[in-house]
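Below is one structure, written out as structure tokens; comments come after it.
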Amino acid sequence: MAPGIVEPKPAVPVEMSHSLHSVTGPYDDTLRFYLNGTKVVIDSVSIDPEITLLEYLRGIGLTGTKLGCAEGGCGACTVVVSQLNPTTKKIYHASVNACLAPLVSVDGKHVITVEGIGNVKNPHPAQERIAKAGGSQCGFCTPGIVMSLYALLRNDTDPSELEIEEAFDGNLCRCTGYRPILDAAQSFSVKNSCGKAKANGGGGCCMENGNASGNGGCCSKDTNGANGDQPIKRFTPPGFIEYNPDTQLIFPPALKKHEFKPLAFGNKRKRWYRPVTMKQLLEIKSAYPSAKVIGGSTETQIEIKFKAMQYTASVYVGDISELRQYSFKDDHLEIGGNVVLTDLEEICLKAVEHYGPVKGQPFQAIHKQIRYFAGRQIRNVGTPAGNLATASPISDLNPVFVATNTVLVSRSLDKETEIPMSQFFKGYRMTALAPDAIIASLRIPVAREKGEYLRAYKQAKRKDDDIAIVNAALRVSLSEENNVESVDLVYGGMAATTIVAKEAVSYLRGKKWTDPATLEGTMNTLERDFDLRFGVPGGMATYRKSLALGFFYKFYHEVLSELSLKELDIDEDARGEIERAISTGKKDHEATQAYEQRILGKPNPHVAALKQCTGEAQYTDDIPVQKNELYGVMVLSTKAHAKILAVEVEAALDLPGVVEWVDHHDLPNPEANKWGAPVCDEVFFAVDEVFTAGQPIGMILADSAKHAEAGARAVKVQYEELPAIFTIEEAIAKESYFQHYRYINIGQDEGAFDEDIWENADHVFSGVVRMGGQEHFYLETQACVVIPKPEDGELEVYSSTQNPTETQSYVSQVTGVQANKIVSKVKRLGGGFGGKETRSIQLSGICATAANKVKRPVRCMLNRDEDILTSGQRHPFLARWKVAVNKDGKLQALDADVFANAGWSQDLSGAVIDRALTHIDGCYKFPNVHVRGRLAKTNTVSNTAFRGFGGPQGMFIAETYMEEIADRLAIPVDKLREINMYESNDRTHFKQALKDWHVPLMYQQVLQGSDYAERRKAVDDYNAEHKWKKRGLAIIPTKFGISFTALFLNQAGALVHLYHDGSVLVAHGGTEMGQGLHTKMTMIAAQALGVPLSDVYISETATNTVANTSSTAASASSDLNGYAIFNACEQLNERLKPYREKLGKEATMKELVHAAYFDRVNLSANGFYKTPDIGYVWGPNTGQMFFYFTQGVAAAEVEIDTLTGDWTSLRADILMDVGRSINPAIDYGQIEGAFVQGQGLFTTEESLWHRASGQIFTRGPGTYKIPGFRDIPQIFNVSLLKDVTWENLRTIQRSRGVGEPPLFMGSSVFFAIRDALKAARKQYGEHEVLSLQSPATPERIRISCADPILKRSLVEPREGEKSFFISI
């Protein structure tokens, strides 16, 4: 929670209440809207005036709409709000973020939620197609994605491929890799309305196959088809419900006649006003100038939620028709201040058509900036006036308004004022708008007929739905002789306000644009205009400065190209930006046909996918509110390291609704406060000292989430700050380590390490590898509901956890109640990825302590910022390596010191670094290896398990040294990989033989199947022809060991019940978190028992059905639980054998069970399995580490813009060896999702800490960027290895674990970026080996270049100066 609290005051000061009442006295106080076709009337007295639409919907039981971030950045809360649009005069179905929308905003509108469009028995086609296409894994994001697609289809029944591709820019998914969602959505596109379209299961329509012009048989040429007057003949893919636009929920006729009345409602703490005319709004502002004017609430709600801002009087202006009009004048376009950005997009396109492309340049610039402005849900409610009034220094629109000399028209009750935009911004978040005035309209001048040029630019961490790092609008007017008559160079992100580059503007006036000296002179002045210091707020000084100069360089040459003068030296490659094509992908659906059985080996959809798509799937926080339930909010440390001097809770306990304070005093004894796995070095509640920002100190319990949040903010904690350590380098310097230490030391033929090798080898190279961490960003944050029972201290714990048994164990500890009275349950998780393996224990332990104290149910679901503050991340790594290699490229020895940033407690860090050491060889054989691993102890969040669990870090070290060695030897790295790749039955450095080893085979198959050699030549040719845009190519192999490295965890139990009706109930120890575990387990049971898949059901995972379970992790859950279920089914089959013989092969399970029951045969079986053969011993380097290795190879191609650091993934080809797949549809989903998550790890996802406060800065989707829909490879091909035998694989179905192994293959994108950067550096004579740190963000890409613009932009720290952010 954000620290501090604003003291509550009356909603309206007494001195103003009389005049305001005289204005708003006659206003109505009743909200009227429709919800899923049903009329809703709400008397404002009965509702909290601060409630959001999401809180209202979930409060009445419509829990399909999810809370993912509370800042409008993930789209999980997307609903559709339909209204008669006052701008277009048409009905518009707007996808909106319910987490931001105040309830007042839906008056007079139709709200449609995921429940309103279909259910499992009668799903909407959008729901069904996403489910069947594999577009829902954990399912938490799915309802929002469904509603975004639904909104698109309601507004355009025949969307284009591009419209579908861009429809999800406000939605995030962490599981699927997006490809199956796009495939499902594209089945609705115009191109795919043809039955032959590939998306519809055909061989390709004539347009796809290049035959559109031939034979006259193409539907696109049919005069009765898409280009004719008749409606498009819609094709429904086989097995899908037909989409008929005429059968959708109608817009309620009553709303077409709805009279918008002015509203006023609220209580003493908060008042809402909803005027419907400009006059009413101005009267309110005149009577009460400090009233908060709200349009889309896209920033205000974030301020309320995360910054504890209190706006006692708010005025919603979204329904004032006068503010949403526009008109084309002779010399300008006038738009109402409250035109929503989606409408402004269309208005700008109409303006370009109206004024022509030359005079319409300002509107092209605005349209371009809006296209990448937030997501569609934000653009559907956000407005220019709101954008201007917040005065953000990184607003994408403000520079355009300033550069075009737009005039802002402000209105107050007694006057109208015209304010030139160049005079509007007065300081950081300060404007020239009078307190009693509103932004009525904007007058945007058209460009001159001749000689005026305007362009807009933006660079962000991610292309879609991201705030700018730097943006700009650059305008110049030239005379007939190409002399500069007027110029505006306006930038955002370079200062505390939108700023004009004054020196550059002054220099340019009167200069001849076509003179090369003009460019050089302007660049010199821009350097002075933007003389950023190293520690500038926001960081990235060199990058931001290079962007400012780079944008002008682009602009200069784009203008030159418009002048059409032959003698000009135009840098053509500087023009334009990287654009994406429509993304596509292929899967080999024939890969499993050779071993398909009745059920196993077939691509069955995820068993819960349809429930997830209709919003019927239940997650922890969807559990109905219990009687007398309290809501808990944790009070977290705000200091990275400090002594606790005092905790003052009295003020919090005096607040309305606050019931109790819980801390370490409420535990049965001091020992009960300790937890951790495997070392108990962490505490549930801080006692005298805090070791990281975000460490729990206590919990406030209240009757609602809002009251609990207010109470938590009111708790005052006094600290005495202590020195803090953040980075691995700082920990090494101060020798701050945990005791855990591991090494592997082995020499030639498994003898001693040959120290003479360093002298005898032809070459010895060394280097340093640095890799950042990664936030899990599961869409469902940590959540828990604890329900005390009336007898014997019993507790029922519903937790979003991967580890029900450990939850049970620690709840028993903190309550002093035996484990046999604690039942830990989980239905499903909205994503886990390792982040809920141990870190969920903290929340469930605290909630259980609270419930035990008050003897009432306690619920807590963390806000996204709280989750990131408390739940840990992937471990950042640093490695110092030394490699001996001969001149023929053969590796001789590896020596490495590996350090992981464990954070403030050990958690699972020891096991993580152990696995890193076992994967540091990659897929390459070394005769001599000596590697050592240490855990750095720092004052950051305690890092934890994350998909790959140290494996990706180890393999990243391996591929980095391979890349750098190849550069130093001047040989292709692909050749170096082939020379040193393990062969079948070779032994690793921990002496494990590689059986069923297929990496060399797959490497060759990917090289051939992806046309790698031809594309390598094409890449080289492209780079030779392009100065600023470069392409790169990389192919990366992977091997990932499957088994828990802790031997005792490699076991599983299962319980199988047969019922009289022939149905089967299965329980096992694994949790379903989107990976399809329950789907695979039901398939195993159905196959083993000989029943239809529909007759097998898994209800939940619970400690009272299967006890002593291991956490669902290590990619081993299908192996372990699958064999345990199979074991149980074998027992049942043995008991049913006499009845099968007696009743015949055709007897149904119902008949068999019936007969067996009356013979008193046990129809329940407990299965068990433990992994054989394994048992590695560290130190002596004996025993088998892993049961087997899952293997894969991926090739990736990228394009980068070295002027900006922008990039796109052009293509990825993945081949995985998953053995005999239990379910290829599930496995393909895991591969695609893991690859994209891995791509994020190595590119866009960067965790940053704020140096001054010691707190993590990247704590939500606004600052932390996981890949979006438009970040995936434009061509995304995935295949499974086939036509081989797996002679040594002794797993269930001879399948391999697939959850974690594909993740590292996302690094192929990173190494392709590095390949492109090598070409960029070589062009400027930079031959020093590139040491590229992960992640390769746009900033790192740009500053790794060596061009003159970058070099003149370098910002060096002054003595003692430190960066604004810390990258740990």
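Position 1 is the first residue of the sequence, and the numbers go up from there. Note: hydrogens, waters and symmetry copies are ignored here, and every other heavy atom, side chains too, is used.
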Would you tabulate the side-chain donor-acceptor contacts of residues 424-431 under 3.5 Å, counting partners in other chains and residues two or more places apart, or write 'none'?
unit_1: K426; atom_1: NZ; unit_2: Q423; atom_2: O; d: 3.2
unit_1: R429; atom_1: NH1; unit_2: E299; atom_2: OE2; d: 2.9
unit_1: R429; atom_1: NH1; unit_2: T390; atom_2: O; d: 3.0
unit_1: T431; atom_1: OG1; unit_2: L433; atom_2: N; d: 3.3

(request) Establish, yes or no, whether a centroid distance under 6.0 Å links the rings of H557 and Y553. (result)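 Yes, the ring centres sit under 6.0 Å apart.
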
(message) I want to know whether Y453 and F555 have ring centres closer than 6.0 Å.
(response)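 Y453 vs F555: aromatic centres not under 6.0 Å.
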
Strictly distance-based, threshold 3.5 Å: is any side-chain N or O of [X] a donor or acceptor partner for the main-chain N or O of [Y]?
X: R462; Y: G1268; value: no
X: Q280; Y: V276; value: yes
X: N471; Y: G492; value: yes
X: K511; Y: Y507; value: yes

Hey, are [X] and [Y] close enough for a salt bridge, meaning a charged N less than 4.0 Å from a carboxylate O?
X: K554; Y: D1201; value: yes
X: R475; Y: E452; value: yes
X: E481; Y: K512; value: no
X: E418; Y: R443; value: yes
X: E163; Y: R376; value: no
X: R448; Y: E485; value: yes
X: R1031; Y: E1199; value: yes
X: E353; Y: K350; value: no
X: E520; Y: R1352; value: yes
X: D396; Y: K458; value: yes

(message) With salt bridge (Lys or Arg N to Asp or Glu O under 4.0 Å) as the test, pick out the partner of E166 among K463, R379, R371, R580.
(response)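 Answer after filtering K463, R379, R371, R580: R371.
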
(message) Is it the case that the side chains of S441 and E334 hold a donor-acceptor pair, with the cut-off being a distance below 3.5 Å and no angle test?
(response)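 A pair is found: one side chain offers a donor N or O, the other an acceptor, under 3.5 Å apart.
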
(message) Between D343 and T88, is there a side-chain donor-acceptor contact under 3.5 Å, judged purely by atom types and distance?
(response)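 No - no donor-acceptor pair under 3.5 Å links their side chains.
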
(request) Decide if atom CG of D414 counts as having more than 12 heavy atoms of other residues, nucleotides or ligands within a radius under 6.0 Å. (result)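 Check passes, neighbour count above 12.
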
(message) Can you tell me how the ring of F1269 sits relative to the ring of F168, calling it parallel under 30°, perpendicular over 60° and tilted otherwise?
(response)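 Parallel.
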
(request) Give the ring-plane orientation class for Y457 versus F551, where under 30° counts as parallel, over 60° as perpendicular and anything between as tilted. (result)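 Ring orientation, 0 to 90° scale: parallel.
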
(request) Tell me, please, which residues at least two apart from P537 pass side-chain contact (heavy atoms from CB on, under 4.5 Å). (result)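 Scan of P537 (side-chain contact (heavy atoms from CB on, under 4.5 Å), adjacent residues dropped) gives R533, F1364.
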
(request) Could you tell me which non-hydrogen atom of D531 sits nearest to which non-hydrogen atom of K545, and how far apart they are? (result)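 Looking at all heavy atoms of both residues, the closest pair is OD1-NZ, 4.3 Å.
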
(request) For T87 and R324, work out which heavy atoms get closest and say how close. (result)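 Looks like OG1-O, 2.7 Å.
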
(request) Going by the side-chain hydrogen bond (donor to acceptor under 3.5 Å, both in side chains) test, name the single residue among D465, T1244, D466, D1271 that passes it with K1265. (result)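 Testing each of D465, T1244, D466, D1271 against K1265, the sole residue satisfying side-chain hydrogen bond (donor to acceptor under 3.5 Å, both in side chains) is D466.
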
